[in-house]
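Below, chain A is the first sequence line, B the second, and so on; all start at residue 1. No experiment lies behind these values; they were computed from the predicted model shown.
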Amino acid sequence: MSVITYREAVSSVLREALDEDERVFLMGEDIGPYGGAFAVTQGFTEKYGKKRIKDSPLAESVIVGAGVGAAMAGLRPVVELMTINFSLLAMDQIVNHAAKIRYMSGGQFSIPLIIRTVTGAGASVGATHSQSFEGMYASIPGLTVVTPATPSDVIGLFRSCRELNDPVLFVEHILLYGTRGEAPSVGDYRVPIGKADVRRSGKDITLCGYSRMANVAEQAAGILAQEGIEADVIDLRTLRPLDSETLVNSVKKTHRALMVEETTRIGGFAGELVSQIQEDAFDYLDAPVARVAGAEVPMPYSYPLEMAAIPSVDAVAAAARKLVNGS
Amino acid sequence: MSVITYREAVSSVLREALDEDERVFLMGEDIGPYGGAFAVTQGFTEKYGKKRIKDSPLAESVIVGAGVGAAMAGLRPVVELMTINFSLLAMDQIVNHAAKIRYMSGGQFSIPLIIRTVTGAGASVGATHSQSFEGMYASIPGLTVVTPATPSDVIGLFRSCRELNDPVLFVEHILLYGTRGEAPSVGDYRVPIGKADVRRSGKDITLCGYSRMANVAEQAAGILAQEGIEADVIDLRTLRPLDSETLVNSVKKTHRALMVEETTRIGGFAGELVSQIQEDAFDYLDAPVARVAGAEVPMPYSYPLEMAAIPSVDAVAAAARKLVNGS
Amino acid sequence: MLKAADVPDLTKDDLLGFYRQMKLIREFERESERQYTRGNIKGFLHVYNGEEAIAVGAINTLREDDYIVTHYRDHGQALARGMGSKEVMAELMGKATGCSNGKGGSMHLFSSDLNFMGGYAIVGGQLCIAAGIALAVQYRGDDQVVLCFFGDGAVNEGEFHEAMNLAAIWNLPVIFFCEHNLYGMGASSKETLVMWDSLHEMAAAYGMDRYEVDGNDVLEVRDLMQRINADVRAGKGPAFVVARTYRLRGHSVADPADYRPDDEVQYWESQDPIPRFRDWLTEEGIATVEDFDEIDASVDEEVVIAAEFGESSPWPEPADLYDGVYTDRPTEGIPT
Amino acid sequence: MLKAADVPDLTKDDLLGFYRQMKLIREFERESERQYTRGNIKGFLHVYNGEEAIAVGAINTLREDDYIVTHYRDHGQALARGMGSKEVMAELMGKATGCSNGKGGSMHLFSSDLNFMGGYAIVGGQLCIAAGIALAVQYRGDDQVVLCFFGDGAVNEGEFHEAMNLAAIWNLPVIFFCEHNLYGMGASSKETLVMWDSLHEMAAAYGMDRYEVDGNDVLEVRDLMQRINADVRAGKGPAFVVARTYRLRGHSVADPADYRPDDEVQYWESQDPIPRFRDWLTEEGIATVEDFDEIDASVDEEVVIAAEFGESSPWPEPADLYDGVYTDRPTEGIPT
Ligand SMILES: Cc1ncc(C[n+]2csc(CCOP(=O)(O)OP(=O)(O)O)c2C)c(N)n1
Ligand SMILES: Cc1ncc(C[n+]2csc(CCOP(=O)(O)OP(=O)(O)O)c2C)c(N)n1
Ligand SMILES: [Mg+2]
Ligand SMILES: [Mg+2]
């Protein structure tokens, strides 16, 4: 069993895709000789050449749009939007083109396009560079939105995404690249799309998160366990399609649920989770489903303010405690 | 008491703004001699001249971005994005610029910018032209999002928006322009930002919607009343800030709630409403808060399919009936 | 103007074929307007009247395996590519038999069989997609060309710039073809583009080959496009073509177009590509009144058949609503 | 190169003032890198080393009521505009005393007093904002100019095109100033822009006045900008300026910049604008070693003071987190 970083996991599945499938090419800003803003594609140009590692102009719309076109014409592009913040400049191509062409064409064209991008706060990069828009994309029919939080989920989910024929937003987290985890032991390990991971099992409360917040929830569960509170920890892993079954079943068992989300609270994706839980497990709930989320502000640069704006392990533990103890 | 159309209401408040405040100018695609895609600015160029009615190039990013700049420099622009579908091309300017500059600058610059746009489905204009993104914008701190459903709310809310010094998304509905309603009798009539309208009062269920869906909810309530089901009907009118107090108080009275929303269900703004209701009125709820929303598909062009994809009065009434009768 | 001798490769049949296509497009559009008035076509309807020489002149130079991408004003290109007038009309009516199964509508015509990669309704968006298709061609080492249509209004959009730049820097086999009809929706391009009168020169910013052509002369369009296709196919990289033309109707059926000066409209009516070509065919002694009558009658018949087909075709099944969102799984929220 | 006689309007004090500003920027950046290494500055840090002649040459031609808009590589422009090195350093450290109260950070410097309308971190976004400020100037009938800085990378973005086009068609008083340092992040602009070697010519597509200048020669930049300002102020419409320069460090502090060829780096090191200007001042007999020593010492002292000020300044109060989102109401969700 070997331990790898999240960054290595991303690199490895990209290399695998390039090695296995001639139709795969990468395209994005500074992914060439620079090696990618997060050093994921270092050495790729040397190995695969410029044909397959396309350092693109700084132009998000055409990066995605050209990916859509190439996918329509039979290739399987993996494009990179340097961070999800810049994805707003490509949102029209993602939402009005990638997500809709199949349906609008009466099913004639599929768009097997993977859009990799990077979400998250906590890197002290200020309001315009610290956002988490994956929940917005998860509201768009036609898209698949995946948010791996561990190296093995990166690998397992990416492989599953490659088997899809529709556009995927593959959302990595800026603070996770350096984190470590076990590499999957099986060579063809897959994580199914739309299957949540129950990270930990407990009877008192359900903690649910995705991306880095799944890890935060798990750490909070560790603290709570020392106090005798046993939490189910659910990592959604995929936002669309959503594994509400696992989530709802957990809540039916624990009767209490706390959703942990990094983006600002109002209108975040956690609202969807709360809604589905109370729709499907209403009679099981002993307390309202609670949410811990980012502060309702543009992300401040100043370090202590930023730390206060992001859900912390302690804040999650405190909210869980309150939910279980009723105070 | 005079009756006017929603379109006339929009035109009249725009004229009023131009008449009252030299700092106000309009900018947008085809708002000049063409009179606007929805005929709201007909005759404006003749009356106010090209300086104040700026027919812009077809370029959504710079329409909003230039509005932001002009607002920073002391003007009070009212810009138009022809429909909210095209707002995706300006989303970066709205979210990363308009909404954040005040906070990022430590409060040095305010952005008194009104962005008018048009939401909604039902006009047979297909998948790329029938979307309702206002809920997405309502998730962005720094924005104010207003969704008037009646001529008098158009007037009252627009006047209140002009008194703000921060960016507003003023969201009109494509199917409402031809609808009629009473004009406000008071000359300086205002509707406060962040105050929902209780359209109808009843004890059995709370129906909550915004924009055209508030009207649909109200019509459904009319049907239900004939069956002896009395509904509170709440028109949110503003999505950000949100009047959760009125909503929650209603649910505390009725014990049952149904959210009606035009956009697709998963990840819609209704999830936020559900969450807040169950957070604040959990012990009052006799049933899960329910949602009626658009079908989970890109909008089809074909008329019967489109009609099936949009929440109808009947669908709302049926869902309400089920919630009240438990079947 | 060209002479018959300038186009020795075109037979009488070819030339009358062009005439027929142009005429078919015109009559098809007239019929769509009638159907719109009768409520059988809904939403937006952007007709192609006056611009027929472009689609016919350009598209007939393509190979079957070349690609076409276009905007919402797409009926003309679809018909010129050989899409059946029945399937196009049925699509405009939202019927199950439409080329996009009624899901796309007038602005979103598609045919995978014809490499007709779609009509797109977000102004400028399709240029990016066209660049991507061209990238795929280049990547595979093939020699197809991608022909991408858009309007002068689209030139304002940021995506125009991004797509032109990408195609130029990567030498992609794409022809960006601007149907310069002087107007966006109601805004004159004189007021939105400094270079409106020499629009093709904007491509100099990308070091791209660029051409202007009389978009109301089907043979000029064809002639130019044949040369450009050969260059692009040979790997010489992208090209930008601006065809000067005019839409003889409003932006959409809803637009009375009264913002247009009378003399401008009159001038362009005098340039109507269909009578122009008909006169040319007559003057060059290629066709007679009888030829035209025969073609016109067959066009009228085809259009009637298309309309009947559309009207009598079934609506999509209710269950179709949820069909086709994903290739690999059912959509969410199908009512049970 | 200009001679002293070519700039009779500049006194020795003026010239040494330019030298001091350039030197201050350089030493300020060196200090920020040190502070970054020590963890006192976090996130991204994009230093201006090598490009000082641009900010100093250009900004000193502006009036107090003119406007500046720039990108995330903004320390140099802020200092050249007269923002205090203390407030800038404190902002880089996220302190309450920073020019944006610690909320903006290195990439988002603002000063309403100085009409310093912000550093912007979304590449290309600020061009649209600059166009809007210029629109306000024109609307009011004033004669300020708006000076908007951006990099060669920004030229790739759709917003570049939209802003250039709007400014051109409406004749707005804005100067789009491209700091052409040959690289975006790690991508060479030779690989992203066909016209990389005559970038200013891209403005021909908008019929815009356009200029290229040696961005490492402070007097050339100043001279050109004086002429352009006068034109723009007189209502002659927007201009596009491309200053050829080089960043002597990586894109950000995190970037070792090993993708750059050695000879290229060496060439540009030989073009370092500060020694060049110092040599010029010496050769022209304007300044002596003693002058430079005095200035250098005062710069060093200022930078030390700035760093101390930043370090000793307080963090924002916890309650500041929720402050300043709206002008007219408190933000949502303030914990109670
Ligand atoms: C991004 C975007 N903005 C606005 C619109 C609304 N709109 C549809 S067509 C059009 C004018 C386009 O003009 P042009 O590109 O010249 O094409 P033409 O209709 O003249 O063929 C506008 C503004 C749109 N569909 N997409
Ligand atoms: C829209 C957007 N895309 C990508 C980035 C990431 N990014 C930041 S700076 C940069 C390179 C910009 O290069 P240039 O404009 O030449 O400015 P320079 O850094 O050379 O001064 C990139 C890709 C961003 N901030 N915004
Ligand atoms: Mg046009
Ligand atoms: Mg650069």
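Side-chain contact check for A/Asn85 and A/Thr83: at least one donor-acceptor pair (N or O, by modelled atom type) lies under 3.5 Å. Side-chain contact, A/Glu172 with A/Tyr177: a donor N or O sits under 3.5 Å from an acceptor N or O. In summary, the side chains of D/His46 and D/Ser106 do not present any donor paired with an acceptor at a separation below 3.5 Å, with no hydrogens or angles considered. With no hydrogens or angles considered, a side-chain donor-acceptor pair links D/Ser32 and D/Glu29 at under 3.5 Å. Between the side chains of D/Ser100 and A/Tyr301, not a single donor N or O lies within less than 3.5 Å of an accepting N or O. Using a 3.5 Å distance cut-off with no hydrogens or angles, the side chains of A/Thr179 and A/His173 do not pair a donor with an acceptor.
Not counting sequence neighbours, the partners of D/Ala203 by the side chain to side chain contact (heavy atoms under 4.5 Å, CB included) test are D/Met164, D/Met208, D/Arg210, D/Phe240. In this view, D/Arg73 satisfies the salt bridge (Lys or Arg N to Asp or Glu O under 4.0 Å) rule with no residue, not counting sequence neighbours.
Contact of A/Leu89 with chain D is made through the side chain alone, with heavy-atom distances under 4.5 Å. Only the side chain of D/Tyr259 has a heavy atom closer than 4.5 Å to any heavy atom of chain A. Heavy-atom distances place the backbone of D/Leu92, and not its side chain, under 4.5 Å from chain A. Within the 4.5 angstrom heavy-atom criterion, only backbone atoms of A/Ala123 (N, CA, C, O) approach chain D. Proximity to chain A (any heavy atom under 4.5 Å) is shown, for D/Leu193, by neither the backbone nor the side chain. Both the backbone and the side chain of A/Tyr303 come within contact range of chain D, judged by heavy atoms closer than 4.5 Å. Contact of D/Met185 with chain A is made through backbone and side chain together, with heavy-atom distances under 4.5 Å.
In this structure the side chain of D/Ile54 reaches within 4.5 angstrom of the side chain of D/Phe149, judged on heavy atoms.
With D/Glu311 as the partner, the salt bridge (charged side-chain N to carboxylate O under 4.0 Å, His left out) test is satisfied by one option alone out of D/Lys95, D/Arg34, D/Arg38: D/Arg38.
Applying the side-chain hydrogen bond (donor to acceptor under 3.5 Å, both in side chains) test to every pair with at least one member in residues 54-66 of chain A, sequence neighbours left out, gives these pairs: A/Ser61-C/Glu159.
Heavy-atom neighbours of chain A within the stretch residues 118-133 of chain D, taken at a separation under 4.5 angstrom, comprise D/Ala121, D/Ile122, D/Val123.
Among A/Ala59, A/Ala37, A/Ala293, A/Gly35, the residue with the largest count of heavy-atom pairs under 4.5 Å with chain D is A/Ala59. Interface remark: of the candidates D/Val325, D/Thr331, D/Asp320, D/Asp255, D/Asp255 forms the most heavy-atom pairs closer than 4.5 Å to chain A. For the set D/Phe160, D/Phe44, D/Tyr322, D/Tyr72, the count of heavy-atom pairs under 4.5 angstrom toward chain A peaks at D/Phe44. Interface summary for chain A: among D/Pro316, D/Ser188, D/Gly184, the most heavy-atom pairs under 4.5 angstrom belong to D/Pro316. The choice from A/Val62, A/Val125, A/Leu88 that makes the most heavy-atom pairs within less than 4.5 Å of chain D is A/Val125.
The pair D/Arg249-D/Glu33 counts as a salt bridge, with a side-chain nitrogen and a carboxylate oxygen less than 4.0 angstrom apart.
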